[in-house]
Novice: 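My questions all concern the structure below.
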Number of protein chains: 2
Amino acid sequence: MSGKNTGKLAEIMRRGEVLSTECPSREILKHVTSQWGVLVLVALMEGTHRFSELRRKIGRVSEKMLAQTLQQLERDGFIRRVSYPVVPPHVEYSLTPLGDGIGRQVEGLTDWIEINLPKIIEAQQMQA
Amino acid sequence: MSGKNTGKLAEIMRRGEVLSTECPSREILKHVTSQWGVLVLVALMEGTHRFSELRRKIGRVSEKMLAQTLQQLERDGFIRRVSYPVVPPHVEYSLTPLGDGIGRQVEGLTDWIEINLPKIIEAQQMQA
DNA sequence: CGGAATCCAAGATGATACTG
DNA sequence: CAGTATCATCTTGGATTCCG
């Protein structure tokens, strides 16, 4: 491929760490690309939401999975959870700056799929 | 579709179809963001690979899951599978133009994670 | 309302053995 | 080499119930 340590370092920096089984990025990737993680991030790109708002917006997600996903993404520093000590409870979820960053990437992915959906479906049917 | 609302159509086109529970894009998204789907796409962004090459490159993926993932992505039109009728068998996998398109998006996501990994880990530890 | 806890069904994943 | 088949297991996901 190329020279000594500078070349190797450059290569690592450029990409490919996710393909390292030990790299922590692989874990983060799992959280982000999880079934509901993607949709939560996309939904929150439009702004702050309450728990039930997210549930309705995403659709067909159980309370359990939504709660679990939110906690996961909160631990990774992508989501900020603000709880107001009122009754009935009021909790708001929003993206941190970090969350907004990854949200853009995820949105890039989902937007691409939506835009190219016709081509994809066409490709699927070619083989059937 | 009903035909009296251009505004609604515009909104749908802009984004948010993945948040529609019925939209086929949600299925595609699932394939692409699957545990191994992401890694396969990233790996293939570097060029054509054989089955065993992919397995080694991705690491810790069972034959079964790799085969299953490859078939899935092939059906979606993202991957081209070329089999040479020789013995021992020789099969090559590569990205279609469509696959390259989504590969770029996925790579954008993985690259972002790798670049921001320090920040993410820092954010995680802030809460611990 | 926003969850936590529990139980249960279903699907994802893996290890192994086998085949063309 | 590139899978397929089988079985065992582990994780997901959902429904339900209860609580602050």
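Residue numbering restarts at 1 for every chain, and letters A, B, ... go by the order of the sequence lines. Just so it is clear, the model here is predicted, and its values are computed rather than measured.
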Novice: Any side-chain heavy-atom pair from A:Leu29 and B:Leu39 closer than 4.5 angstrom?
Specialist: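 In short, these two side chains touch, coming nearer than 4.5 Å.
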Novice: Between A:Lys30 and B:Gln35, is there a side-chain heavy-atom distance shorter than 4.5 Å?
Specialist: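 In contact.
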Novice: Mind checking which nucleotides bracket the chain A contacts on DNA chain C, 5' to 3', with an atom under 4.0 Å from a heavy atom?
Specialist: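 The contact span of chain A on DNA chain C goes from C:dC1 to C:dC7.
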Novice: When you measure from the side chain of A:Gln105 to the backbone of B:Ile113, do you find a donor-acceptor pair of N or O atoms at a distance under 3.5 Å?
Specialist: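 Not at all, since once roles are kept as given, no pair shorter than 3.5 Å links the two residues.
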Novice: So what does A:Tyr84 touch, heavy atoms closer than 4.0 Å: a base, only the sugar-phosphate, or nothing?
Specialist: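 Contact class for A:Tyr84: none.
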Novice: Can you find a pair of side-chain heavy atoms, one from A:Leu70 and one from A:Trp36, that are under 4.5 Å apart?
Specialist: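 No, every pair of side-chain atoms sits at 4.5 Å or beyond.
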Novice: Would you mind reading off the distance between A:Glu27 atom CD and D:dT11 atom P, rounded to a whole angstrom?
Specialist: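 Between P of D:dT11 and CD of A:Glu27: 12 Å.
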Novice: Please report, rounded to the nearest Å, how far the C1' atom of D:dT4 is from the CZ atom of B:Phe51.
Specialist: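 These atoms are roughly 10 Å apart.
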Novice: Output the rounded distance in Å from NZ (A:Lys30) to C1' (D:dC10).
Specialist: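 My rounded result for the distance is 11 Å.
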Novice: If you compare every side-chain N and O of B:Ser52 against the phosphate oxygens of D:dC1 (OP1, OP2), does one of them come in below 4.0 Å?
Specialist: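 B:Ser52 to D:dC1 OP1/OP2: no side-chain N or O under 4.0 Å.
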Novice: Kindly indicate whether the side chain of B:Ile79, heavy atoms from C-beta on, has any atom under 4.5 Å from the side chain of B:Leu95.
Specialist: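 Side-chain contact under 4.5 Å: yes.
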Novice: Using only atom types and a distance under 3.5 Å, with no angle test, would you say the side chain of B:Thr48 pairs donor to acceptor with the backbone of B:Glu92?
Specialist: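 It does not hold such a pair.
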Novice: Would you indicate whether the side-chain heavy atoms of A:Tyr93 and A:Val40 approach each other to under 4.5 Å?
Specialist: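 Heavy-atom side-chain distance check fails, nothing below 4.5 Å.
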Novice: Look at the side chain of B:His90 and the backbone N and O of B:Pro88, then say whether any donor-acceptor pair between them is shorter than 3.5 Å.
Specialist: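 Not confirmed, B:His90 side chain does not pair with B:Pro88 backbone.
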Novice: What are the atom names and distances for every N/O pair under 3.5 Å that joins the protein to nucleotides 13-20 of chain D?
Specialist:
| residue | atom | partner | partner atom | Å |
| --- | --- | --- | --- | --- |
| D:dG13 | N7 | A:Lys64 | NZ | 3.2 |
| D:dG13 | O6 | A:Lys64 | NZ | 3.1 |
| D:dG14 | OP1 | A:Arg60 | O | 3.3 |
| D:dG14 | OP2 | A:Ser62 | OG | 3.4 |
| D:dG14 | O6 | A:Lys64 | NZ | 2.2 |

Novice: Base, sugar-phosphate alone, or nothing: which one does B:Gln71 contact when heavy atoms must sit under 4.0 Å apart?
Specialist: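 Contact class for B:Gln71: sugar-phosphate only.
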